[in-house]
Asker: 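Below are the structure tokens for one structure; questions will follow.
Both counts, for ligands and for their atoms, begin at 1 and track the order of listing. Keep in mind that this is a model prediction, so the values were computed, not measured.
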Amino acid sequence: MATADIGLIGLAVMGQNLILNMNDHGFVVCAYNRTQAKVDHFLANEAKDSQIIGATSIEDLCSKLKRPRKVMMLVKAGSAVDSFIDQLLPFLEQGDIIIDGGNSHFPDSVRRAKTLAEKGILFVGSGVSGGEEGARFGPSLMPGGNPQAWPFIKPIFQAIAAKAPDGAPCCDWVGEEGSGHYVKMVHNGIEYGDMQLICEVYQIMKEGLGMSSDEMADTFEEWNKGKLDSFLIEITRDILRFKDEDGTALVEKIRDTAGQKGTGKWTGIDSLDRGIPVSLIGEAVYARCLSSLKDERTRASKILVGPTSQVVDKSDFLDALGEALYAAKIVSYAQGFMLMRQAASDYGWNLNFAGIALMWRGGCIIRSAFLGKIKDAYTVNPSLENLLFDPFFTEATATAQSAWRKVIAMAVTQGIPTPALSTSLNFYDGLRHEMLPANLLQAQRDYFGAHTYELLSNPGTHIHTNWTGKGGNVSSTNYDA
Ligand code: 6PG
């Protein structure tokens, strides 16, 4: 009998917790997993005494869903998603809805939305953030795809989503095709950037200021009460305080090689493809790559010479460090929103930037008080060209400027690597320069390859100069990749 409000495929940690969350909000969920034993175990344990029901096959699952059917998949991104879609299709009807809640690469979601629309099936690719706890008690949800699906899934999605401090759900319709997964990808890229910035600050505290892990935890605790208030600052505080059995900080025993599942890399690659300088996320990905070259770094540490380090007095430096972190974070978000703006224009997506900031305000890994300010900026001006042009952020970076420069200068002098902090300031200085040295670069290209250049006084017209008097007057074709 068709009794379930929604079906959920995939009973790994995220799937199980989302089902329990939906159940808490009064929805009847039908659970399915490729291995039947997992369904039985879930129903007999975690889902005991709930209204959750199980399915023994895809056909059984589809027969138990109210019309239009809503099936959400939380399976590994890639071929498993296509395989489940293929298995579902024979048992679905026009107007039924398939939701992919995994970390799928957005071009796959663009493709799936198109091919399923041709079959009359409404596809939604939804970013889901917040890890296990978020899934259970309120994730950030970023659904995009076929807009006709939204009215049917909205009551469930907004009920189970995290709520911002003003009570607004951290879930709204993102836009067409693969835009939900695109926005989730950028979220993850920003997550990489935020984490890297915090890690650089930690290294400055440890090496440059000689602070103990407890002193560092105290500083993060203070920061978490002000404008840096965020989930990642909060967990960093807790990690730094955490002691191993021998009473020393566990974090110092962890091997310094970072893993990655690929979403930050996708953001970096996408930014290169679109020609948007999302340098901070790029540096954050490269920093993970460099960290993984542990053996080579170990050899280099014995060969390559750095400056003699001097411990700086921390008393007047910690405030500057907090300011530098804040300014760098502003630049990172400005870059992320630049990228989304470009993608929206490339794909014809109508992205609501204030809504995206609100979706990230709670529930997700990058949740922070700061996102409330971004939401305000785009609410006041939905077509804001650059986050840094919003008066609040212009003022915030201007105020932080001298501290920001002081911190980076100190790190450079001391030989402490700060790829993300440094690139944030370089981007800021680059953006505020009306004149960059690309005039010389264009001359070089024209000199050796007749690639042509434009004059400041006459943009749009490409000319070539015979710089040596020896070359010909024929210029190369003109195109930008
Ligand atoms: C989230 C996270 C999550 C991500 C992990 C691991 O929003 O809940 O972004 O989706 O997959 O944080 O990412 P890495 O393994 O690439 O660090």
Asker: Looking only at protein heavy atoms, which one is nearest to atom 5 (C) of ligand 1, and what is the separation?
Answerer: E191 OE2, 3.9 Å
Asker: Salt bridge (charged side-chain N to carboxylate O under 4.0 Å, His left out) for D82 and R112? Distances and angles first, verdict last.
Answerer: CA-CA 8 Å; D82 289 311; R112 288 167 188 145; 2.9 Å; yes
Asker: Would you say M195 touches ligand 1, if touching means a heavy atom closer than 4.0 Å?
Answerer: no
Asker: Does the D5 side chain pair with the main chain of V29, one donor and one acceptor, at a distance under 3.5 Å?
Answerer: no
Asker: Got an N/O contact under 3.5 Å between K184 and ligand 1?
Answerer: yes
Asker: Among residues at least two apart in sequence or on other chains, which ones pass salt bridge (charged side-chain N to carboxylate O under 4.0 Å, His left out) with D376?
Answerer: none
Asker: Is any side-chain heavy atom of F231 closer than 4.5 Å to one of I366?
Answerer: no
Asker: Could you list the atoms of ligand 1 found under 4.0 angstrom from a heavy atom of R288?
Answerer: 14 (P), 16 (O), 17 (O)
Asker: Just distances here: any N/O of T263 and N/O of ligand 1 closer than 3.5 Å?
Answerer: no
Asker: Can you tell me which residue and heavy atom of the protein come closest to atom 11 (O) of ligand 1, and the distance to 0.1 Å?
Answerer: N103 ND2, 3.2 Å
Asker: Closest non-hydrogen protein atom to atom 15 (O) of ligand 1, residue and atom name please, with distance?
Answerer: K261 CG, 3.0 Å
Asker: Which residues pass the salt bridge (charged side-chain N to carboxylate O under 4.0 Å, His left out) test with E222, sequence neighbours left out?
Answerer: K225
Asker: Using heavy-atom distances, let me know which of G127, G264, G130 sits nearest atom 8 (O) of ligand 1.
Answerer: G130
Asker: To which protein heavy atom is atom 16 (O) of ligand 1 closest, and what is the distance rounded to 0.1 Å?
Answerer: Y192 OH, 2.5 Å
Asker: Tell me which protein heavy atom sits closest to atom 7 (O) of ligand 1, plus the residue, atom name and distance to 0.1 Å.
Answerer: S129 OG, 2.4 Å
